[in-house]
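Written below as structure tokens is the structure these notes are about.
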Amino acid sequence: MNRKEMLSILSENGLTRFQKDVLMETLSIPKGKTATYKEIAAKVGKPGAYRAVGTALKKNPLPIVIPCHRVIKTNGELGNYSGGGTKRKKELLKSEHAIL
DNA sequence: TTCCTGACGCTCG
DNA sequence: GCGAGCGCCAGGA
């Protein structure tokens with residue numbers, strides 16, 4: 001799936017531009033790596049909107065292609081995850097060797 | 001338009 | 001080092 005298709009799907013799901021930016025940044029996180037809510041917010045040009053980032057990730061229409069589980073809290077905690085809870089999030093990260 | 005809520009962060013005690 | 005409170009920004013009703 002290419003970037004154009006992604007954006008198209010995101011638009012069809014009624015996501016705002018900000019939310020799409022957040023999801024696209026999340027998509028750019030390499031396998032085995034993690035990013036914090038704050039980093040994602042900074043990348044979309046709004047360092048203070050880390051809270052809105054969580055809202056955007058929650059709306060993620062493609063949890064399979066968009067690795068929202070790679071976005072964690074600044075203090076190292078995993079944070080929440082709509083695709084199956086923090087437990088599921090942890091399992092996913094472990095399978096990618098993103099965490100121990 | 002205004003108010004409330006949320007997958008969070010930072011400071012202060 | 002830890003917990004409580006306040007602040008932050010975007011979206012939805």
Side-chain angles (χ1 to χ4, degrees):
Chain A
M1 184 175 292
N2 61 40
R3 184 187 174 92
K4 194 174 180 180
E5 286 179 304
M6 288 287 316
L7 288 170
S8 176
I9 292 174
L10 295 180
S11 297
E12 288 174 12
N13 276 273
L15 298 190
T16 66
R17 187 172 168 287
F18 173 77
Q19 293 171 331
K20 283 187 288 187
D21 282 346
V22 170
L23 294 177
M24 292 310 286
E25 284 301 332
T26 304
L27 194 61
S28 72
I29 302 173
K31 183 179 179 180
K33 290 279 188 175
T34 57
T36 64
Y37 289 98
K38 197 175 181 180
E39 287 173 346
I40 298 295
K43 283 197 172 188
V44 297
K46 299 181 183 300
Y50 40 75
R51 196 159 187 177
V53 170
T55 307
L57 293 177
K58 189 168 62 173
K59 282 196 166 190
N60 179 7
L62 299 167
I64 309 299
V65 278
I66 300 176
C68 48
H69 58 276
R70 288 184 195 149
V71 185
I72 62 176
K73 295 211 235 177
T74 308
N75 62 10
E77 304 268 320
L78 294 185
N80 223 317
Y81 180 55
S82 64
T86 42
K87 192 174 179 181
R88 177 65 178 156
K89 185 172 184 174
K90 190 175 181 179
E91 291 300 318
L92 288 169
L93 289 173
K94 281 176 70 175
S95 69
E96 293 184 354
H97 303 287
I99 60 174
L100 295 177

Item checked: Flag, side chain of A/S8 to backbone of A/K4, donor-acceptor distance under 3.5 Å -> no

Next item on the list: Answer yes or no: are there more than 12 heavy-atom neighbours, outside A/K43 itself, under 6.0 Å from its atom NZ?
Entry: no

Item checked: Partner set under side chain to side chain contact (heavy atoms under 4.5 Å, CB included) for A/L27, not counting sequence neighbours -> A/M6, A/M24, A/I66, A/P67

Item checked: Of A/K38 and A/G54, the one whose closest DNA chain B nucleotide lies more 5' -> A/G54

Next item on the list: Please answer whether the main-chain N or O of A/N2 pairs with a side-chain N or O of A/E5 as donor and acceptor at a distance below 3.5 Å.
Entry: yes

Check: Which of residues 80-95 of chain A sit near DNA chain C, with a heavy atom under 4.0 Å from it?
Finding: none

Checklist line | Watson-Crick or G-U pairs under 3.5 Å in DNA chain C, rendered as dot-bracket with [ ] for crossing pairs and | for another strand | finding: .||||||.|||||

Note to self: Tell me which pairs pass side chain to side chain donor-acceptor pair (under 3.5 Å) where either residue lies in residues 63-90 of chain A, with sequence neighbours left out.
What the structure shows: A/H69-A/E96, A/R70-A/E96

Check: For A/L57 and A/V71, what are the C-alpha separation, side-chain angles and deciding distance, and is it a side-chain contact (heavy atoms from CB on, under 4.5 Å)?
Finding: CA-CA 9 Å; A/L57 293 177; A/V71 185; 3.8 Å; yes

Next item on the list: Begin with the C-alpha distance, continue with both residues' side-chain angles, and end with the deciding distance and a verdict on side-chain contact (heavy atoms from CB on, under 4.5 Å) for A/I9 and A/M1.
Entry: CA-CA 11 Å; A/I9 292 174; A/M1 184 175 292; 4.0 Å; yes

Check: Quick one: do A/I40 and A/L78 end up in the same hydrophobic cluster if we chain Ile, Leu, Val, Met, Phe, Trp and Tyr together by side-chain heavy atoms under 4.5 Å apart?
Finding: no

Notebook entry, point to check: Rounded to the nearest Å, what distance is computed from the CZ atom of residue A/R17 to the P atom of nucleotide C/dG11?
Noted result: 11 Å

Item checked: Where protein sits on nucleotides 4-10 of chain C, one letter per nucleotide: B base, S sugar-phosphate only, - none, heavy atoms under 4.0 Å -> ---BBSS

Margin query: Just verifying a value: how many Å separate A/T16 OG1 and A/D21 CG, rounded to the nearest 0.5 Å?
Written below: 8.5 Å

Checklist line | Worked verdict on A/I72 versus A/L93 for side-chain contact (heavy atoms from CB on, under 4.5 Å) | finding: CA-CA 10 Å; A/I72 62 176; A/L93 289 173; 4.3 Å; yes

Notebook entry, point to check: Which heavy atom of A/A52 sits nearest a heavy atom of A/F18, and at what distance?
Noted result: CB-CE2, 3.5 Å

Note to self: Below 4.0 Å from chain A heavy atoms, what is the first contacting nucleotide of DNA chain B and what is the last?
What the structure shows: B/dG6 to B/dC10

Item checked: ILVMFWY cluster, A/I99 and A/Y37 together (side-chain gap under 4.5 Å) -> no

Next item on the list: Check whether A/L15 and A/I64 end up in the same hydrophobic cluster, where Ile, Leu, Val, Met, Phe, Trp and Tyr are linked by side-chain heavy atoms less than 4.5 Å apart.
Entry: no

